[in-house]
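Working notes, beginning with the structure itself.
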Amino acid sequence: MFENSIILLDWIGIVVFTITGALVASRNQMDVIGFILLGTVTGIGGGTIRDLILDAHPVLWLDRPQYLVVCVAVSIGVFFTAHLVTSRYRLILWLDALGLALFATAGAEKAASLGEAPIVAITMGVITACFGGIIRDVLGKEDSIIFSHEIYVTAAVVSAASYISFSALGLSRELAVGLALAAGFGLRAGALAFGWSLPRYKPRAPDT
Amino acid sequence: MFENSIILLDWIGIVVFTITGALVASRNQMDVIGFILLGTVTGIGGGTIRDLILDAHPVLWLDRPQYLVVCVAVSIGVFFTAHLVTSRYRLILWLDALGLALFATAGAEKAASLGEAPIVAITMGVITACFGGIIRDVLGKEDSIIFSHEIYVTAAVVSAASYISFSALGLSRELAVGLALAAGFGLRAGALAFGWSLPRYKPRAPDT
Amino acid sequence: MFENSIILLDWIGIVVFTITGALVASRNQMDVIGFILLGTVTGIGGGTIRDLILDAHPVLWLDRPQYLVVCVAVSIGVFFTAHLVTSRYRLILWLDALGLALFATAGAEKAASLGEAPIVAITMGVITACFGGIIRDVLGKEDSIIFSHEIYVTAAVVSAASYISFSALGLSRELAVGLALAAGFGLRAGALAFGWSLPRYKPRAPDT
């Protein structure tokens, strides 16, 4: 089942993003079907958009229907265990950080393996990493995490660009993947732990 | 034009969903072009996403441009007649219930006819049934119907899973379609009439 | 690089829509990565959806990665210059008007060149023109411009329908494009300058 590292990254990323979607469902006090819907959309949404744009058919969950089984099972599991978590919001943020690095790396690797240009591969990594969470937040009426004050999209860019750079430098795929994951997750973890952020736009003229 | 039952389901589903989209436009006091936009997006949005993910090109309204003509005509008709309805919101709910069962069945049937696995076919039914309404509610700033307290997405799952199950049991396509429609619409109708709902997630620890 | 007029329209449309997305980022006081994300999504979102539905792979920015380079560069440029603008909101509206006419014409032309029916080509023009802005406004939490009281979607319909009509009448492609641009931009400009609008739906019965 785990033929290569892209698929392994996809598996872990899908599980952690599904958990974040189901936790958002718990914050909205949905029923179990709502958990499954929001968990599954978050888990496979980014990868689906990636595969559609890359014309990489069948898209991931048509190619491997077991992804859907896992999304459903994980969502149901969260429905019965979410009350055990002290702070569901913090857990969402940390799992999302892990999924972000995983999907950014996996998305860039998939696009590069299909021969896309480096800037396209980096963009596909960012899309894969960010769009599941964007859909989750729009549907769950959360303030969108991608526009949080702390570094977020930047960490996806760093993971994707690291993978592309390290591959171009001739590193083995496993090493490039490992370093890319560490760079993106480390940056986002620092942002969560220490509030790291980039300078924000400040209007200097009266804002109209 | 009505070569087979999938296409007939698509036609009726498109008409009723277009009406719900145009009625949401009326609640936002839009102009006639706004009616056409919101009606058409709601009518063909779910089927378009289904066909994109299934890689079933040309997508429905490129294959049959007459779908667009019908969406435009129905939306214009609603623009001039919506004031005749006593409660537009109740009418939206009931037409949406009918469209939900129709599109869930049609989506599952189309995916199954393309050889997809049962869980994929059921998921495609749910996507076809729910995404037109999701887009309508996001654009029209309505509270999303898919997260209403009464049973909603569950009815789409029931229609889609019924079709797949009855087909697997060897029932004729017409019978399987009829039973699937009745099961999903009946469940959603009961939810609307009697307030049926599933147990919702209740935090047992302090919610954070 | 500018092999033909469709591509030229795409280029200018992408630049002006990217600026509007980046200006919305400035109104939300994002960091530079937020500018790039919102600028790029707005600049290439409509064309990406167009190409996915038309099954015209590779989609525009996979075919021409330099589009991405331009989106990134323009977004960064806006990050450092947006404070020079007196009224960023008015600038957004006027650039959006220009992009609207450009993308409506380009979308209709591309669909027609692929042999789609006239009503499909007009619809593709409207999708190309409107969906970048729709995504921008949903992500940036702006009131969606497509439902503004002044004429908006109608101008996209006029540009797209004009191009299809003038082509059918045998005008040269350049002339048809020029007239279509002038018609759509002129209509939207009039709406912005003079508040032109279509009659809106007014409930005559008590609204429920």
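Here is how names work: the chains are called A, B, and so on, in the same order as the sequence lines, proteins then strands, and each is numbered from 1.
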Neighbours of chain C found in residues 93-108 of chain A - heavy atoms under 4.5 Å: none
Non-hydrogen atoms of A:Glu142 and C:Lys141 that approach each other most closely: O-NZ, 4.5 Å
Heavy-atom contact with chain C under 4.5 Å, split by part of A:Leu54: both
Contacting region of C:Pro65 [heavy-atom separation from chain A under 4.5 Å]: both
Residues forming a ring pair (Phe, Tyr, Trp, His ring centres under 6.0 Å) with C:Phe35, sequence neighbours excluded: A:Tyr201, C:Phe79
Residue pair A:Ile53 / C:Trp61, side-chain heavy-atom distance below 4.5 Å: yes
Rounded distance [0.5 Å steps], CD1 in A:Ile151 versus CD1 in C:Ile33: 9.0 Å
Greatest number of heavy atom pairs closer than 4.5 Å to chain C - which of A:Val157, A:Val153, A:Ile119: A:Ile119
Closest non-hydrogen atom pair, C:Leu62 against A:Glu116: CD2-OE2, 3.4 Å
Pairs touching residues 106-140 of chain A that satisfy ring pair (Phe, Tyr, Trp, His ring centres under 6.0 Å), sequence neighbours left out: none
Under 4.5 Å from a heavy atom of chain C, the part of A:Thr154 involved: both
Between C:Asn28, C:Leu139, C:Val41, the one whose heavy-atom pairs under 4.5 Å with chain A are most numerous: C:Leu139
Shortest non-hydrogen separation from A:Arg200 to C:Gln29 and the atoms involved: NE-O, 2.8 Å
Nearest non-hydrogen partners of C:Leu52 and A:Leu52, listed with the distance: CD2-O, 3.3 Å
C:Asp31 versus A:Pro199, closest heavy-atom pair with distance: CB-O, 3.4 Å
side-chain hydrogen bond (donor to acceptor under 3.5 Å, both in side chains) involving A:Ser75 - partner list, sequence neighbours excluded: none
